[in-house]
Amino acid sequence: MKTAVCLTPDLAFFRQAAFTASTILAQADAGAFDLFIICEEADVAPGFAQLDPALRARINLLCVDFSSFDRDTPGRGRFSRAVFRRLFLDRVLPESYARIVSVDSDMLIRRPGLGRLAEIDLGGAPIAAAYDMLFLMDFNGGALARSFQRHRRTLGLGEKTPYFNAGLMAIDRARWSALELGERALAALRAVPGRYPFMEQSALNELIAGGFAPLSPRYNFMGDFFLLDLEAPIDPIALHFVNHPKPWNLDVWRGEARFARDYQAWFAASPWPDYLAQPPAKGLRPGRPRKTPARRAFAERMMAFFRTCAFADGWRAPGPAP
C-alpha cells in the first residue's frame, strides 16, 4: 500500500512548507512514503528550483487548478482557500496511493514517526487524527472551554463527542472517497459559512461526528501543549504552531527561541535567505513557559484523560493507571 504525505500551501506558506518537507525527509522513516507539495502554479515561490538538489529531488511538486474542485470558494480571515485543498487530495493524487497523510505547513517534524501512519489500522474510519484543543480545553474549564463547547454543539456534537484537529490526518482514501467527505464539507461551507469558524476542520468534524481513529498527541503537539511542560512525557513527533505569531515571525515571536532558530538556520541556507523578518534588536528571548499551578493542574487532568485512551498508533500515556 503506497502512502503519500502531502503539504498543500498557498504562496504565503510555500516556503514554510518547503521547510516542513525538509524536516519530514530528514527522518529515518521517510522511505515509507512519497512526499508531495500540492498547490496551484501561482503558489510556487520563485527560487524553488534552486532548493538543495538532494532535497528537491525528493519532493514531488504537483500543480493543480483547484478551482474545478472548490469552485473558487473564498477563504475567510486568516484562512485562504488553500485550506480546501486537503479535502480533494483523493481526487488529484495518482491512483496508486491508498493512504494519504495531510500535514499542515506550520508543523515541524522532530523525529521519526510519520512512516508508522502508512500501516496503522484505522478500524474502518475514514481518517486518523489527534484531539484538538477545542476538545481538550474541557479539562481546563473557564470561558474558553465553554465557548468551544458551544461551537461543538452548533455542529450537533455531544459534549463527550471527540473533536479532531485537521492539521495532520491519515486518510483512508477509499473510505474518504466513498463518503464524499471533500464534496460534502465544501457544500456545507458554501451553504452556511457562519456555522464553521474553523472552516473545513469544523465541517469535517460535523460530518464525521467522532467517528475517527484517534492519534496520540505525539502526532499533533499544538497550542497549549507548549505551555504545559508536556514535551518530555509526550515526546512529540510533530510540533504544530497553531497560534500566532509563528516562530518564523522573528520580530514578534514570543515562544521558545529554539523553534525560531530552527527556521532561521534553515532559511539562511535556503534559496530565500532574506525571507524572514529580522529578530528584535535585543535578540530572541528564551520564552520558556512558566509552570503555574493552573497550568500544572490542567496538564495533570489532560494526561489523566490520555491514560484512558486507546490510540490508533499504540501510544500509552505515562503515569499511574486511571
Side-chain angles (χ1 to χ4, degrees), residues 79 83-84 86-87 101-102 104 117 120-172 175-225 228 230 234 238 240 242 298-317 322:
F79 301 106
V83 300
F84 307 132
R86 73 187 78 193
L87 297 175
V101 178
S102 173
D104 267 2
L117 299 180
I120 62 170
D121 183 4
L122 303 192
I127 68 165
Y131 299 126
D132 193 273
M133 277 292 165
L134 272 69
F135 178 66
L136 297 174
M137 195 59 69
D138 286 3
F139 299 102
N140 194 32
L144 191 55
R146 291 192 293 273
S147 174
F148 290 161
Q149 288 164 1
R150 286 194 297 273
H151 167 57
R152 282 146 43 202
R153 285 197 294 271
T154 67
L155 301 178
L157 305 179
E159 184 176 333
K160 300 299 183 183
T161 302
Y163 180 107
F164 64 86
N165 182 276
L168 189 151
M169 298 185 292
I171 299 169
D172 181 307
R175 183 71 176 141
W176 176 285
S177 297
L179 293 172
E180 298 183 327
L181 287 174
E183 291 80 1
R184 292 167 62 203
L186 187 68
L189 285 161
R190 290 176 67 88
V192 195
R195 182 183 175 95
Y196 307 104
F198 300 98
M199 302 293 278
E200 87 298 348
Q201 176 176 284
S202 295
L204 287 172
N205 269 282
E206 179 182 55
L207 292 170
I208 292 173
F212 62 94
L215 291 176
S216 71
R218 296 185 304 171
Y219 282 96
N220 203 328
F221 192 87
M222 75 195 94
D224 280 34
F225 284 137
L228 299 178
L230 290 176
I234 290 178
H240 190 184
V242 295
F298 179 21
E300 289 169 3
R301 288 191 292 270
M302 193 159 54
M303 289 298 287
F305 166 70
F306 288 152
R307 287 192 286 272
T308 70
C309 298
F311 293 109
D313 54 287
W315 181 71
R316 298 293 182 185

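Predicted model only: the values in this text are computed from it and were never measured.
With rounding to the nearest 0.5 Å, the separation of CD1 in Ile171 from CG in Leu122 is 10.0 Å. One distance of note links CZ of Phe221 with CD1 of Ile234; it measures 5.0 Å at 0.5 Å rounding. Atom CD of Glu180 and atom CG of Leu87 lie 13.0 Å apart (nearest 0.5 Å). With values rounded to the nearest 0.5 angstrom, Asp138 atom CG is found 11.5 Å from Arg146 atom CZ.
Side chain of Arg152 to backbone of Leu157: no donor-acceptor contact under 3.5 angstrom is found. Formation of a donor-acceptor pair under 3.5 Å by the Asn140 side chain with backbone atoms of Phe298 is not found in this model.
In terms of heavy atoms, Phe148 sits closest to Met137 at CD1-CB, 3.8 Å. Between Ala299 and Leu228, the shortest heavy-atom distance links the atoms CB-O, 3.8 Å. Residues Arg316 and Cys309 come closest through the heavy atom pair NH1-O, 3.6 Å. Between Glu200 and Ala166 the shortest heavy-atom distance is OE2-CB, 4.2 Å. Residues Arg86 and Trp176 share a closest heavy-atom pair of O-CZ2, 4.2 Å. Nearest approach of Leu168 to Tyr219, heavy atoms of both residues: CD1-O, 3.5 Å.
With contacts defined as side-chain heavy-atom distances shorter than 4.5 Å, the pair Phe164/Pro214 does not qualify. Inter-residue side-chain proximity for Val242 and Met133 is flagged as unmet; no heavy-atom pair is nearer than 4.5 Å. Between Met222 and Asp104 the shortest side-chain heavy-atom distance does not fall below 4.5 Å. The closest side-chain heavy-atom distance from Thr161 to Asn205 is not below 4.5 Å. Looking at Leu181 and Leu207, their side chains come closer than 4.5 Å, going by heavy atoms from C-beta outward. Between Glu206 and Tyr196, some side-chain heavy-atom pair lies under the 4.5 Å cut-off.
Using cut-offs of 30° and 60° on the angle between ring planes, the pair Phe306 and Trp315 is perpendicular. Using a 30° and 60° split on the angle between ring planes, Phe305 and Tyr131 fall in the tilted class, from 30° to 60°.
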Determine whether Phe198 and Asp132 satisfy the following criterion, side-chain contact (heavy atoms from CB on, under 4.5 Å), listing intermediate values before the conclusion. CA-CA 11 Å; Phe198 300 98; Asp132 193 273; over 6 Å; no
Go through Met169 and Leu204 one step at a time and tell me if the side-chain contact (heavy atoms from CB on, under 4.5 Å) criterion holds. CA-CA 11 Å; Met169 298 185 292; Leu204 287 172; 4.3 Å; yes
Determine, step by step, whether Tyr163 and His151 satisfy the side-chain contact (heavy atoms from CB on, under 4.5 Å) criterion, reporting the C-alpha distance in whole Å, the side-chain angles of both residues, the deciding distance to 0.1 Å, and the verdict. CA-CA 11 Å; Tyr163 180 107; His151 167 57; 3.6 Å; yes
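In the displayed structure, Arg175 atom CZ is contacted under 6.0 Å by at most 12 heavy atoms of other residues, nucleotides or ligands.
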